[in-house]
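What follows is a single structure, written as structure tokens, with notes after it.
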Amino acid sequence: MKVLITGSTGQLGSEMVKLFDDVVSSERKLLNLENPSKVYEILDRIKPAMIINCAAMTDVDACQTNRERAYNINAASPSVMATYAIKNNIRFIHFSTDFVFNGEAGNYSEDSVPDPINYYGMSKIMGDMAVESVPNHLIVRTSGVYGVKNNFPVVVYKRLRDGKEVRVIDSYYSPIHSKNLARAASELIKSNFSGRINISGERISRKDFALRIADFFRLDSSKIIESQEFSGQIARRPRDSSLNIDEARSVLKWDFYSVKANLSQMDVKNLSL
Ligand SMILES: NC(=O)c1ccc[n+]([C@@H]2O[C@H](COP(=O)([O-])OP(=O)(O)OC[C@H]3O[C@@H](n4cnc5c(N)ncnc54)[C@H](OP(=O)(O)O)[C@@H]3O)[C@@H](O)[C@H]2O)c1
């Protein structure tokens, strides 16, 4: 079965392409999601039997300042892919974010009502809604994906390793390593699971996560300093965007969620400086 995997240069997509046979891995140069009007024609040339959309504009502040681009990549192009999937009767897999929630309650389940407080979350929920119109769809909602990019755990690790201070705000989320996310999602895809499901790590505050990183890699935790406000960020962030993963834990019978199971996937020797 020919599987189109978009975003194959990203954290999740680069892991996902390893888990399927007969993959057409699409980079931006093959299928640029900034041009939704071209997406249908390109899909019609590739003729995939299943689409796994791992591509997204994930820079939350850039989405806030360049809304048209965020809309095209996160909402309009997934909507065109959904139309293609409906017309050709194929399966469509899509990834959503904890940032569709306002962060006031936390522990969001599959049925919680979205209320985004930034444009990234807004653009992603518009994409989710289009994907839900595909009869054979799966939406995996996740949180704090980390891997090769310079995101929170990687920055914490590098700064502590280099003897630098780390400022953390006590906000909550559910971070997961891209390798565990890809494996968990691929298992659900291969078992024909459909609908919407949360797959993420366990709920943790960024401060506790930084302390766990220090402990796991035997680094000096005295450099971790709690800060009251997010600094240098343009878009608002939810205070507690953690996801409830009870359903995924009941379906998947392995530890994709614990902090330890995810930190142990970090390949710290091969991180760029
Ligand atoms: N990262 C997180 O913390 C997080 C949290 C919750 C949910 N998610 C969701 O999880 C999914 C995977 O995220 P990720 O962390 O793997 O993202 P990522 O590492 O930022 O990768 C994004 C991918 O999308 C591609 N892309 C961006 N703009 C494109 C365009 N115009 N045309 C075609 N491809 C384009 C990128 O290609 P280039 O290499 O060319 O830029 C890259 O391959 C996304 O749906 C995201 O919204 C992520």
Side-chain angles (χ1 to χ4, degrees), residues 4-19 23-39 42-43 46 51-63 66 68-78 80-81 92-101 103 108 114 116 118-128 130-131 138-155 171-182 184-186 196-201 204 206 209 235 237-238 241-243 245 262:
L4 173 69
I5 301 183
T6 67
S8 57
T9 54
Q11 302 189 100
L12 173 64
S14 60
E15 297 297 337
M16 203 61 117
V17 294
K18 299 176 192 163
L19 302 174
V23 167
V24 178
S25 78
S26 105
E27 294 182 14
R28 191 187 287 255
K29 59 180 185 292
L30 172 68
L31 181 62
N32 188 344
L33 302 186
E34 270 181 67
N35 304 320
S37 61
K38 302 260 170 66
V39 167
I42 297 165
L43 292 178
I46 300 170
I51 301 170
I52 304 179
N53 182 28
C54 300
M57 181 165 166
T58 56
D59 181 330
V60 177
D61 291 323
C63 288
N66 197 338
E68 189 181 348
R69 193 160 169 243
Y71 175 78
N72 284 335
I73 297 170
N74 293 343
S77 284
V80 176
M81 290 186 219
F92 187 13
I93 322 300
H94 185 68
F95 289 84
S96 179
T97 173
D98 53 339
F99 275 29
V100 299
F101 300 112
Y108 294 103
N118 57 46
Y119 196 75
Y120 169 65
M122 179 65 86
S123 64
K124 289 289 292 181
I125 196 67
M126 287 189 274
D128 294 0
V131 177
L138 171 64
I139 296 178
V140 174
R141 185 162 282 153
T142 190
S143 169
V145 182
Y146 62 101
V148 289
K149 278 175 78 171
N150 257 341
N151 40 32
F152 183 77
V154 175
V155 170
S171 60
Y172 288 77
Y173 70 146
S174 314
I176 184 166
H177 194 282
S178 52
K179 280 191 203 297
N180 282 353
L181 175 60
S186 72
R196 193 191 305 131
I197 190 163
N198 294 340
I199 301 181
S200 69
I204 192 166
R206 284 175 171 79
F209 194 26
R237 265 64 169 180
S241 62
S242 57
L243 298 176
I245 51 170
N262 282 292

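Side-chain atoms are counted along with the backbone in the values below, which use heavy atoms only and exclude waters and symmetry mates. Counting starts at 1 for both ligands and their atoms, following the listed order.
Nearest to atom 31 (N) of ligand 1 by heavy atom, out of Leu30, Asn32, Leu31, is Asn32. With atom 20 (O) of ligand 1 as the reference point, the heavy atom nearest to it among Arg28, Gln11, Lys149 is part of Lys149. Closest to atom 24 (O) of ligand 1 by heavy atom, among Ala56, Gly10, Ser14, is Ala56. Taking only non-hydrogen atoms, the option from Asn72, Val60, Thr9 nearest to atom 37 (O) of ligand 1 is Thr9.
Between the side chain of Asn74 and the backbone N or O of Met57, at least one donor-acceptor pair lies under 3.5 Å. Listed for the Lys179 side chain is no donor-acceptor partner under 3.5 Å among the backbone atoms of Gly147. The main-chain N or O of Gly13 is never found under 3.5 Å from a side-chain atom of Ser8 such that the two would form a donor-acceptor pair. Thr6 contributes a side-chain N or O that, together with a main-chain N or O of Cys54, makes up a donor-acceptor pair within less than 3.5 Å. In terms of modelled atom types and a separation under 3.5 Å, the side chain of Tyr120 and the main chain of Ala62 share no donor-acceptor contact.
For ligand 1, the atoms closer than 4.0 angstrom to any heavy atom of Lys124 are 44 (C), 45 (O), 46 (C), 47 (O). Contact atoms of ligand 1 toward Gly144: 3 (O), 5 (C) (distance under 4.0 Å to a heavy atom of the residue). Residue Ala55 has at least one heavy-atom neighbour below 4.0 Å for each of these atoms of ligand 1: 23 (C), 24 (O), 25 (C), 34 (N). Less than 4.0 angstrom separates some heavy atom of Leu33 from each of these atoms of ligand 1: 30 (C), 31 (N), 32 (N), 33 (C). Proximity to Thr142 (heavy-atom distance under 4.0 Å) selects the following atoms of ligand 1: 6 (C), 7 (C), 8 (N).
Thr58 CG2, 3.4 Å is the protein heavy atom nearest to atom 17 (O) of ligand 1. Nearest to atom 16 (O) of ligand 1 among the protein's heavy atoms is Leu12 N, 2.9 Å. Atom 11 (C) of ligand 1 has its closest protein heavy atom at Phe95 CB, 3.8 Å. The protein heavy atom nearest to atom 3 (O) of ligand 1 is Val145 N, 3.0 Å.
Put simply, part of Ser96 is less than 4.0 Å from ligand 1, judged by heavy atoms. Using a non-hydrogen distance threshold of 4.0 Å, Glu34 registers as a contact of ligand 1. Contact between Tyr146 and ligand 1 is absent, with no heavy atom of the residue lying under 4.0 Å from the ligand.
Annotation: Thr97 places no N or O atom under 3.5 Å from an N or O atom of ligand 1; distance criterion only. The distance criterion of under 3.5 Å between nitrogen or oxygen atoms is met by Tyr120 with respect to ligand 1. Considering backbone and side-chain atoms alike, Gly7 places an N or O below 3.5 Å from some N or O of ligand 1.
Considering only heavy atoms from C-beta on, Asn262 stays 4.5 Å or farther from Pro175 through its side chain. With a 4.5 Å cut-off on side-chain heavy atoms, Val154 and Lys149 do not count as touching. Put simply, the side chain of Val145 does not reach to within 4.5 Å of the side chain of Asn151, judged on heavy atoms.
How far CD1 of Ile125 is from CZ of Phe99: 14.0 Å, rounded to the nearest 0.5 Å. With rounding to the nearest 0.5 angstrom, the CG atom of Leu243 is 12.0 Å from the OH atom of Tyr173. Here Ile46 contributes atom CD1 and Leu30 contributes atom CG; the two are 4.5 Å apart, rounded to the nearest 0.5 Å.
Under 4.0 angstrom from ligand 1, the non-hydrogen atoms of Ile73 all belong to its side chain. Using a 4.0 Å cut-off between heavy atoms, His94 makes no contact with ligand 1 at all. Only the backbone of Cys54 comes within 4.0 Å of ligand 1, counting heavy atoms alone; no side-chain atom from C-beta on gets that close.
A salt bridge is absent between Arg196 and Asp128: the closest approach of a Lys/Arg side-chain nitrogen to an acidic carboxylate oxygen does not fall below 4.0 angstrom. Ion pairing of Asp61 with Arg237 is present here, as a side-chain N (NZ or NE/NH1/NH2) and a carboxylate O approach within less than 4.0 Å.
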